[in-house]
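Just below is one structure, and these are the notes that go with it.
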Amino acid sequence: MIYIGNHLSSSKGFLAMGKAATKLGGDTFAFFTRNPRGGKAKDIEEADVAAFLDYAKEHDFGPLVAHAPYTMNLCSDKPDIRKFAKDMFADDLQRMEYIPGNYYNFHPGSHVGQGAEEGIAVITEVLNDLLTPEMTTTVLLETMAGKGSEVGRDFYEIRRILDGVELKDKMGVCLDTCHVWDGGYDIVEHLDEVLAEFDEVIGLSYLKAIHINDSMNPMDSHKDRHEKIGQGHIGEEGLKGVVTHPLLQGKPFILETPNDDEGYAREIAMIRSWMK
Ligand code: FE
Ligand code: FE
Ligand code: ZN
């Protein structure tokens with residue numbers, strides 16, 4: 001059993017997202033904590049949050065996988081962009097506590113020529129500044145495709161970030177199938193080995209969520225272009241292997257495929273049918 005859902009618009013609040021998820025056949029969802037390109041976050045309405053928490057319980061929702069804006073670059077080479085990103089991160093962590101016990105996923109960042117070493121150092125510094133023992137949110141590092149100067153391009157870079165974080169129990173990893181495929185991990189022919197490597201390098205206990213996407217490009221292409229389920233180079237059988245893998249059961253799977261609502265409903269139904 002897994003939880004499954006897709007990215008939903010947060011513009012109408014949490015209860016509306018919960019209901020939208022149910023309508024599409026989902027029992028979890030992702031949402032951008034603010035406009036994906038950054039900017040101000042929507043005000044949180046406590047009545048809406050309370051109604052959503054009841055709704056999620058009633059409908060047996062799995063953990064939500066909130067997503068930081070993808071422009072948020074904690075390790076930019078420009079001090080003002082770094083500061084902007086860190087402020088956004090801090091604000092998001094506070095807001096996440098309105099919906100306790102869920103996941104906050106972010107792209108580690110792009111080092112823009114400073115080198116992965118420097119990128120990793122800055123990211124861990126921010127995490128050590130902002131994580132607190134009291135927080136109930138788990139912060140997830142997303143595995144990246146290694147496009148440009150992305151940090152998190154392989155399991156070792158993720159490990160090095162985790163190594164530097166003091167409050168490790170507040171941390172986890174979100175594995176994006178398109179990204180690891182593009183990053184050179186053959187999850188089609190060698191999924192068992194890839195998960196064994198994940199376990200050896202990072203530790204499977206850190207693996208909290210999956211972004212389930214097909215890829216427009218061949219393995220090791222470092223491109224990061226998502227494709228609809230079964231229509232890309234990973235393919236239906238490859239993704240079915242991921243969804244049904246015994247080590248990945250019980251986790252939230254989030255679709256980030258290029259679809260409208262109808263397409264998401266179809267993909268959610270297809271993935272559910274694989275579980276039978
Ligand atoms: Fe992402
Ligand atoms: Fe992703
Ligand atoms: Zn992506």
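Every number for a ligand or one of its atoms is a count from 1 in the order of the listing.
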Could you check whether the rings of [X] and [Y] sit parallel, tilted or perpendicular, using 30° and 60° as the cut-offs?
X     : Y      : value
Tyr70 : His107 : parallel
Phe61 : His59  : perpendicular
His7  : His67  : tilted

*Protein N, O or S atoms less than 2.8 Å from the Fe ion (ligand 2), ignoring waters?*
Glu142 OE2, Asp176 OD2, His211 ND1, Glu256 OE1
*State, with a plain yes or no, whether a side-chain heavy atom of Val243 is found less than 4.5 Å away from one of Phe253.*
yes
*Just wondering, are more than 12 heavy atoms of other shown residues or ligands nearer than 6.0 Å to NZ in Lys168?*
yes
*Counting heavy atoms not belonging to Glu200, are there more than 12 under 6.0 Å from its CD?*
no
_Asp182/Arg153 under salt bridge (charged side-chain N to carboxylate O under 4.0 Å, His left out): CA gap, chis, key distance, verdict_ = CA-CA 9 Å; Asp182 284 21; Arg153 59 188 291 119; over 6 Å; no
*Closest His107 atom to the Fe ion (ligand 1) [N, O or S only]*: NE2
*asked:* Regarding Gln114 and Asp77, do their side chains bring together a donor and an acceptor under 3.5 Å, going by distance alone?
replied: no
*asked:* Is the distance between the ring centroids of Phe52 and Phe29 under 6.0 Å?
replied: yes
*asked:* What verdict does the ring pair (Phe, Tyr, Trp, His ring centres under 6.0 Å) test give for Tyr104 and Phe89, after you've listed the backbone C-alpha separation in whole Å, the side-chain angles of each residue and the deciding distance to 0.1 Å?
replied: CA-CA 10 Å; Tyr104 176 69; Phe89 200 112; 5.2 Å; yes
*Ignoring water, what protein N, O or S atoms are under 2.8 Å from the Zn ion (ligand 3)?*
His179 NE2, Asp224 OD1, His226 NE2
